[in-house]
Amino acid sequence: MKKLINNPTKVVEEMIEGYVKAYPNHVRQLTENERALVTAKETREGKVGVLIGGGSGHEPAFIGYVGDGMADGVAVGNIFASPPPDPILEATKVIDKGEGVIYVYGNYAGDVMNFGMAAELADLESGIRVGSVLVTDDVASAPKEEKEKRRGIAGEFFVTKAAGAAADKGYNLDDVVRVAQKANDYTRTMGVGLTPCSLPQTGKPSFVLAENEMEIGLGHHGEPGIEKGDLQPADQVVDRLVHDILTDMPIDSGEKVAVLVNGLGSTTNMELYIMFRRVEQILSEKGIEIHRSYVGSYSTSLEMGGASVTITKLDEELAAFIDHPADCPMYVQK
């Protein structure tokens, strides 16, 4: 598959260099570790630091969400690979303002190991207290009774949003962790894959689907989904995705939600708005109020074709955090 790159082994470094140069008012690169980026703005003493991170290839996640009201730092891994402990630790040291740091990251083995090691080192070397929330929103990746095994995908946006807002409002570390964990517990995502992506190093498809085939529940790295079948109209696809979400997390009439219809890389905004149209119809028919909606490519997989639907159930506290202003290079909310 064609890509506008230079050296396939340096795509992450060159992407970071370009990103930092494009948004110098928002982010800066640490000289101690070039895979660690932190906010370019001064944060106040006593604020809980919010650190996110993961593999490259999901842009605008994760680097796009460092900024006011969101994350204070990000550790950047290779394509579809966890960042090592070093950039996580270096970013932690910089964003700690005396009240500790929360790590928000997806539930993948490499991330769990490396963020866990960094948390131990932060405490051992610098006495920094770290709390962690693992995002587990992917309904298709494990049954409900084994929710702790689920992967983190697009729902990480809402968990980061809640954590960033709580930290911005002056919550202490325990309460920021509580809020982020609640956001995760109230968030579900289901996705559909249409076409594969390819890694720059190989140029080969990450998975194979026939021309008229789709896959329900496909993972962000091409992990197998739960069902392959003929390509269906958008409304039927959305019906299936929302049905699985609401079966897993029942929502009563009169309750409020935040909705994210997310493109996986090559899916057009036209298609995403068609999908959101159906999401709104389904929820409206059930008496569920969409408090705030987001449509676009928020967490991608290179040029993968497909989309996901994320629904976060909102109580009064979470609704206020979802509404909180944010100012990041890839996401601004007034």
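Using modelled atom types, one finds no donor on one side chain facing an acceptor on the other under 3.5 Å when comparing Tyr273 with Glu271. Using a 3.5 Å distance cut-off with no hydrogens or angles, the side chains of Glu223 and Ser141 do not pair a donor with an acceptor. Inspection of the Glu14 and Asn6 side chains reveals an N or O donor paired with an N or O acceptor under 3.5 Å. When only modelled atom types and interatomic distance are considered, Asp138 and His220 share no side-chain donor-acceptor pair under 3.5 Å. In the model, Thr92 has a side-chain atom that pairs as donor or acceptor with a side-chain atom of Tyr103 under 3.5 Å. Using modelled atom types and a 3.5 Å distance limit, the side chains of Asp327 and His26 yield a donor-acceptor pair.
In Glu148, the CD atom is crowded: over 12 heavy atoms of neighbouring residues, nucleotides or ligands sit closer than 6.0 Å.
The shortest non-hydrogen separation linking Lys149 to Asn107 is C-ND2, 3.7 Å. Nearest heavy atom pair, residue Ala307 against residue Thr267, reads N-OG1, 4.5 Å. In this structure, Tyr298 and Asn262 approach most closely via the heavy-atom pair N-OD1, 2.6 Å. Closest approach of Arg44 to Asp168, counting heavy atoms only: NH2-O, 3.1 Å. Minimum interatomic distance between Ser126 and Lys93 (heavy atoms only, all atoms of both residues): OG-CE, 3.7 Å.
The only member of Glu13, Glu17, Glu90 that meets salt bridge (Lys or Arg N to Asp or Glu O under 4.0 Å) when paired with Arg35 is Glu13. When each of Lys313, Lys144, Arg150 is tested with Asp248 by the rule salt bridge (Lys or Arg N to Asp or Glu O under 4.0 Å), just one qualifies, namely Arg150.
Follow the hydrophobic side-chain contacts under 4.5 Å out from Val242 and you never reach Leu260; the two are in separate clusters.
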From CA spacing to verdict: side chain to side chain donor-acceptor pair (under 3.5 Å), Asn78, Ser56: CA-CA 5 Å; Asn78 288 328; Ser56 300; over 6 Å; no
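For Tyr294 and Phe157, the distance between ring centers is under 6.0 angstrom.
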